[in-house]
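Structure record follows, encoded as structure tokens.
Every chain is numbered from 1 and lettered A, B, ... according to where its sequence line falls, protein lines coming before strand lines. All values below were derived from every heavy atom in this structure, side-chain atoms included, with hydrogens, water molecules and symmetry-related copies excluded.
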Protein chains: 2
Amino acid sequence: MSVTLGQPPAAYAPDRPRSSSTREALLDAAEQLLVEHGVAGTSTRAIIKAAGANLGAVNYHFGTKEDLVLEVFARRLRPLNQDRISRLNALEAEAQEQPVPLEKLVEAIVRPSVEARETQPGTTMALFRLICRGFQDPNPQLKAFLNKECAEFATRIDSALLRALPWLPPQELVWRERFLFGALNHGLDSWVHFDNLPHPNPEMQPMRPDREGFIHRMVSFIAAGLSAPIA
Amino acid sequence: MSVTLGQPPAAYAPDRPRSSSTREALLDAAEQLLVEHGVAGTSTRAIIKAAGANLGAVNYHFGTKEDLVLEVFARRLRPLNQDRISRLNALEAEAQEQPVPLEKLVEAIVRPSVEARETQPGTTMALFRLICRGFQDPNPQLKAFLNKECAEFATRIDSALLRALPWLPPQELVWRERFLFGALNHGLDSWVHFDNLPHPNPEMQPMRPDREGFIHRMVSFIAAGLSAPIA
DNA sequence: GTCTATAGGGGGATAGAC
DNA sequence: GTCTATCCCCCTATAGAC
């Protein structure tokens, strides 16, 4: 029952987005689906379908679904934290042994997240939403992996903040940093997925600030919180 | 091949926690599993197994898995927001037409979350973690449902905060409230699931404050952030 | 109200052809 | 490196007995 003999094997989805390889296509497709549906809500089959690949390719390139998911996170987190560390290096070089001003440090945390779209080709803002959620994911392995990826930057920012806030006991900084990252993650999520739902109070109908306006608002709130007097 | 004829039908898990009904058992079991594994990571079968019930019971009492999940949230959110509104009423009565001080308002937001375990019998602290994650769940229906459940309190706290911060444009408050709830959710999550992982800097090895200490730290940070000067 | 049985659809992983 | 076929599992929802 052979027909049209000699026809070359056709790609299954000839108009799928072209990536440099199947591996990249899988990562790109997985990233978008994870953003939309979360880790537990995304199946390997959905990923391969969106990537125009097949089940075997996941096993070949990543081993398991979980390894693929971790690489999706790592691919974006590595340059993000590198950017943060570079900014910290620049600030500390500029300050010449003096403590770096608090607002500058907070900006070094916040800005790379907001600007990732521009500094990392292919990154969508929605990606950061995924990272935010990852830190609260029920899967403890994912949480541990993300913490490991951020460990170097975390150590650096800890000591810089302690120098900027010399009157603050280190034990207090630990908790304030957690509030900081909560505000950052949730605020960024709100900004990226801004939905102009009608507000009961028309005066408070939210407006979406531009990038610099958003960074400024975030830095102001966080710097004030970090500087709060202690009892 | 019948054996031990006449033996009464045994419960599948005779030592399971006794609730007032199958319905309550399902809600209790679902709540714990949702906290541990998230919405997409929790199956109806896992719920019925933990509750010592059967698949039909879910359909009978709730209709679908999703309806069960929404009721798990609603059962805890209703009294939580009632508590917040009651505190707000008391503060406004006490202030007699004057604006309520900012710290008092923030405490009315924070304290019911932290104290839910005591004011709502059966509530575990972990439950709040679930609610926090629900607001970032990929399922938009869940997010919309939670927003609806919190709408009354949200309206009330908006106007109270605007009175306490008369110099702050309402448009600015909108964003600061989002930072607020991010800090609250993430901070509470850290406190409830405090894991004493070794910190690279021994000085910053975190200690878990008691309930009042935690509320105080949270209120200080948030009140300072809300009061930050505007450009 | 409670339970069993079953329908009907995906799920992850892998073996082995090409 | 890529793909198909397949194993065996778990999923939700429902029909209908008790």
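- Note on B:R87 versus B:D83: salt bridge recorded, some NZ/NE/NH1/NH2 to OD/OE distance being below 4.0 Å.
- In this structure, B:N59 does not reach the D:dA13 phosphate: none of its side-chain N or O atoms is under 4.0 Å from OP1 or OP2.
- For B:F62 and D:dA13, the CZ to P distance is 13 Å, given to the nearest whole Å.
- Going from atom CZ of A:R45 over to atom P of D:dC9 covers 15 Å, rounded to whole Å.
- The bend of the helix from C:dG1-D:dC18 to C:dC18-D:dG1, defined by the angle between the axes of its first five and last five pairs, stands at 0° to the nearest 10°.
- Regarding contacts with the backbone of C:dT2, every side-chain N or O of B:N54 stays at 4.0 angstrom or more from both OP1 and OP2.
- Under a 4.0 Å N-O distance rule, the pair A:E149/A:R75 does not qualify as a salt bridge.
- When the P atom of C:dT4 is taken as reference, atom NZ of B:K49 falls 14 Å away, rounded to whole Å.
- Distances from the side chain of A:K65 to the nucleotides C:dG12, D:dT2, C:dT2 place C:dG12 closest.
- A donor-acceptor distance shorter than 3.5 angstrom exists from the side chain of B:Q171 to the backbone of A:Q205, with no hydrogens or angles considered.
- For the pair B:S43 and D:dC10, the criterion of a side-chain N or O lying under 4.0 Å from OP1 or OP2 is not met.
- Straight-line distance from the NE2 atom of A:H37 to the P atom of C:dG11: 12 Å, rounded to whole Å.
- Here D:dC11 presents its C1' atom at 12 Å from CD1 of B:I47, a figure rounded to the nearest Å.
- A cation-pi geometry, defined here as NZ or CZ lying under 6.0 Å from the six-membered ring centre and within 45° of its normal, holds between B:R84 and B:F153.
- Between B:H61 atom NE2 and D:dT14 atom C1' the separation is 16 Å, expressed in whole Å.
- Salt-bridge annotation for A:E152 and A:R78: absent, with no side-chain N of the basic residue lying under 4.0 Å from a carboxylate O of the acidic one.
- Rounded to an integer number of Å, the gap from A:L68 CG to C:dA13 P is 10 Å.
- Mapped onto DNA chain C by nearest heavy atom, A:A46 and A:G56 fall at different nucleotides, with A:A46 at the one closer to the 5' end.
- Regarding contacts with the backbone of D:dG1, a side-chain N or O of A:Y60 is found under 4.0 angstrom from either OP1 or OP2.
- Whole-Å rounding puts the B:L55 CG to D:dT14 P distance at 12 Å.
- In this structure, the side chain of A:W175 engages the main chain of B:M207 through a donor-acceptor pair within 3.5 Å.
- Side-chain polar atoms of B:D67 and B:T64 form a donor-acceptor pair below 3.5 angstrom.
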